[in-house]
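Only a predicted model underlies this, so the values are computations on that prediction, with no experimental measurement involved.
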Amino acid sequence: MIVYAIGLILLLVCSGFFSGSETAVTAVSRARMQALISQGNKRAMRVAKLHEKMEKVIATVLLGNTFVNAATAALMTAFLSAEFGERGAMPLIAAGVATAFLFIFAEVLPKTFAINNADRFSLAVAPLVQFFVTLTYPVTHVTQLICSGFLRLFGLKIVNEPGAAERIEELRGAIELHAGSAEEIQDTGQMLHSILDLDDVPVSDIMVHRRNMTMLDADLPVEEIVNQALSSPHTRIPVYRGDPDNIVGVLHAKALLRAMHANQWKLDELDVVALAGKPWFIPDSTDLLAQLEAFRARHEHFAIVVDEYGALMGIVTLEDILEEIVGDISDEHDIKVSGVTAEADGSYVMDGTVTLRDLNREFGWQLPDEHASTIAGLVMYEARRIPMVGQVFVFYGFRFEILDRRRNQITRVKLTPPATEPKAEGATADATPTAAPASAPNTTVTVKIQPKKSGGGGTTGAAA
């Protein structure tokens with residue numbers, strides 16, 4: 001009796017050990033184990049080694065659990081037969097009792113504890129699990145060969161290591177999993193997402209467009225060039241000759257001041273082009289990660305962006321890329337441009353040059369930036385036309401009203417988010433729905449023409 005009882009208790013403990021070990025080693029935080037490894041924790045190293053051969057670990061645990069459970073059922077049958085006699089239904093009774101004990105004390109209880117204390121449990125059982133993996137290696141190895149053969153027979157492959165894309169998605173999922181309501185955690189999550197997106201964003205999305213660049217004309221008098229350079233908030237300024245596309249150098253404010261000091265602050269015989277450094281041209285398709293690495297390799301902070309035909313597109317700096325990661329970086333020399341103005345009704349009036357990435361980051365929107373980088377570009381892409389002043393477009397749930405246009409450029413847009421869009425009276429009467437673009441099947445585009453107030457000079461009528 002006592003022998004049977006002790007044997008059953010030992011078997012239940014062994015079964016609970018295998019069940020809990022499987023759960024703990026599977027659910028353990030690999031990031032936390034890696035942190036312990038960096039601190040020299042030997043048990044964490046063993047857990048990491050077990051993770052590298054999870055197939056052998058699972059096979060060992062299942063083999064031990066199956067053997068122990070079968071032994072438990074057999075011993076329970078022998079115990080009940082010796083206690084109550086060998087009756088016809090005794091094997092079924094023994095199986096039922098053994099199942100109940102195994103389910104409660106060898107499965108649910110140890111697995112519940114292990115899943116809630118995975119790191120601590122795995123560190124404790126790692127040496128013993130490693131011992132059983134080594135001990136049962138011949139059996140588990142043959143088992144793996146048989147399983148692999150059957151899988152290949154059905155055309156299935158076993159992928160032991162995830163690829164780069166899977167690891168990136170795992171990182172994104174981990175960031176989303178640990179994102180909380182605390183502001184510092186949200187900011188950290190946004191920065192980590194921005195880092196992962198660097199290789200998907202071209203420099204053309206964050207560059208300063210040539211329309212907004214500060215440049216110096218080398219053909220101007222020296223006095224005027226110096227005045228323009230000193231009045232500019234920038235330390236590096238492109239210098240062109242004749243045509244703005246003909247960039248001949250990049251003038252650094254410190255180089256200019258040193259030359260003026262060496263010349264006793266006299267502007268005579270001061271050659272601005274000779275003081276300017278050699279310009280560095282990069283294609284507009286360069287992604288931000290590659291450009292960041294290029295900045296580090298060349299020890300430079302400034303590059304000129306050109307298109308495939310060599311035409312000037314804009315400039316990009318190291319600060320632009322850092323701002324893409326951490327958000328806006330302002331210093332005492334920056335000029336703050338108020339591109340977005342919040343209205344009382346919940347809408348926003350903004351410049352057409354405001355970038356979609358800045359809007360998405362600031363307001364948590366999901367406006368697509370695959371085909372356009374600015375709000376004006378998005379409207380033109382989705383509308384498939386150059387809109388007129390007074391036209392209203394609705395797509396992606398947002399309402400876009402064209403407030404101003406200069407030539408072919410949209411300069412002012414009123415944007416109303418979905419939650420605050422007012423219901424216009426008689427909207428069905430003046431709305432002309434158009435088919436959604438093929439590239440965005442879930443996009444609904446509604447075009448409305450609103451008469452402009454007298455004296456505005458806008459055009460009314462049906463959209464072409």
Is there a donor in the side chain of [X] and an acceptor in the side chain of [Y], or the other way round, less than 3.5 Å apart?
X	Y	answer
T60	T136	yes
D205	T355	no
S347	D345	yes
T72	N69	no
Y396	Q366	no
E324	S194	no

field: With L359, the side-chain contact (heavy atoms from CB on, under 4.5 Å) member among D369, I375, T374
entry: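 One option only clears the test, and that one is I375.
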
Taking the side chain as every heavy atom from C-beta outward, state whether [X] and [Y] have any pair of such atoms under 4.5 Å apart.
X	Y	answer
F17	F132	yes
I115	F121	no
F302	P238	yes
M350	L415	yes
H51	V28	yes
F113	R120	yes
I282	V203	yes
M215	L312	yes

Spacing of [X] atom [atom1] and [Y] atom [atom2] [to the nearest 0.5 Å]:
X	Y	atom1	atom2	value
Q291	L198	CD	CG	11.5 Å
E107	S15	CD	OG	5.5 Å
K56	Q130	NZ	CD	11.0 Å
L50	M33	CG	CE	11.5 Å

- request: Apply the test side chain to side chain contact (heavy atoms under 4.5 Å, CB included) to residues I104 and L109: give CA-CA distance (whole Å), side-chain angles for both, the deciding distance (0.1 Å), then the verdict.
  value: CA-CA 6 Å; I104 296 173; L109 183 62; 5.5 Å; no

- request: Tell me whether the centres of the aromatic rings in F363 and Y348 are closer together than 6.0 Å.
  value: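 Centroid distance F363-Y348: below 6.0 Å, so yes.
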
- request: Evaluate the criterion side chain to side chain contact (heavy atoms under 4.5 Å, CB included) for residue pair I402 and I410; output intermediate values, then yes/no.
  value: CA-CA 7 Å; I402 311 303; I410 300 173; 4.2 Å; yes

message: Pair K53, E55 - check salt bridge (charged side-chain N to carboxylate O under 4.0 Å, His left out), show working.
response: CA-CA 5 Å; K53 46 186 178 183; E55 292 179 4; over 6 Å; no

- request: Output, in order, the C-alpha distance, side-chain angles, deciding distance and verdict of side chain to side chain contact (heavy atoms under 4.5 Å, CB included) for V392 and R399.
  value: CA-CA 7 Å; V392 175; R399 182 178 185 272; 3.7 Å; yes

message: Parallel, tilted or perpendicular, judged at 30° and 60°: which one describes the rings of F400 and F398?
response: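 Rings of F400 and F398: tilted, 30 to 60°.
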
Atom CZ of R46: over 12 foreign heavy atoms under 6.0 Å: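 No - once you tally the heavy atoms of other residues, nucleotides and ligands closer than 6.0 Å, there are 12 at most.
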
query: Is N116 reaching over with its side chain to a backbone N or O of T112, donor-acceptor style, under 3.5 angstrom?
result: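 Yes: the side chain of N116 pairs with the backbone of T112.
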
field: Cationic tip of R298 above F295 ring, under 6.0 Å, 45° of axis
entry: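 No; the conditions do not both hold, so R298 does not lie above the ring face of F295.
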
message: Evaluate V129 against V133 for side chain to side chain contact (heavy atoms under 4.5 Å, CB included), listing each step before the verdict.
response: CA-CA 6 Å; V129 173; V133 169; 4.2 Å; yes

query: Are the charged groups of R43 and D119 less than 4.0 angstrom apart, N to O?
result: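 Salt bridge between R43 and D119, a charged N being under 4.0 Å from a carboxylate O: no.
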
task: Taking only Lys NZ, Arg NE, NH1 and NH2, and the carboxylate oxygens of Asp or Glu, determine whether E22 and K111 approach each other closer than 4.0 Å.
output: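 Result for this pair is yes, salt bridge flagged.
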
- prompt: Taking only residues two or more places apart in sequence or in another chain, which ones pass side chain to side chain contact (heavy atoms under 4.5 Å, CB included) with A290?
  reply: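 Only T286, D287 meet the side chain to side chain contact (heavy atoms under 4.5 Å, CB included) criterion with A290.
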
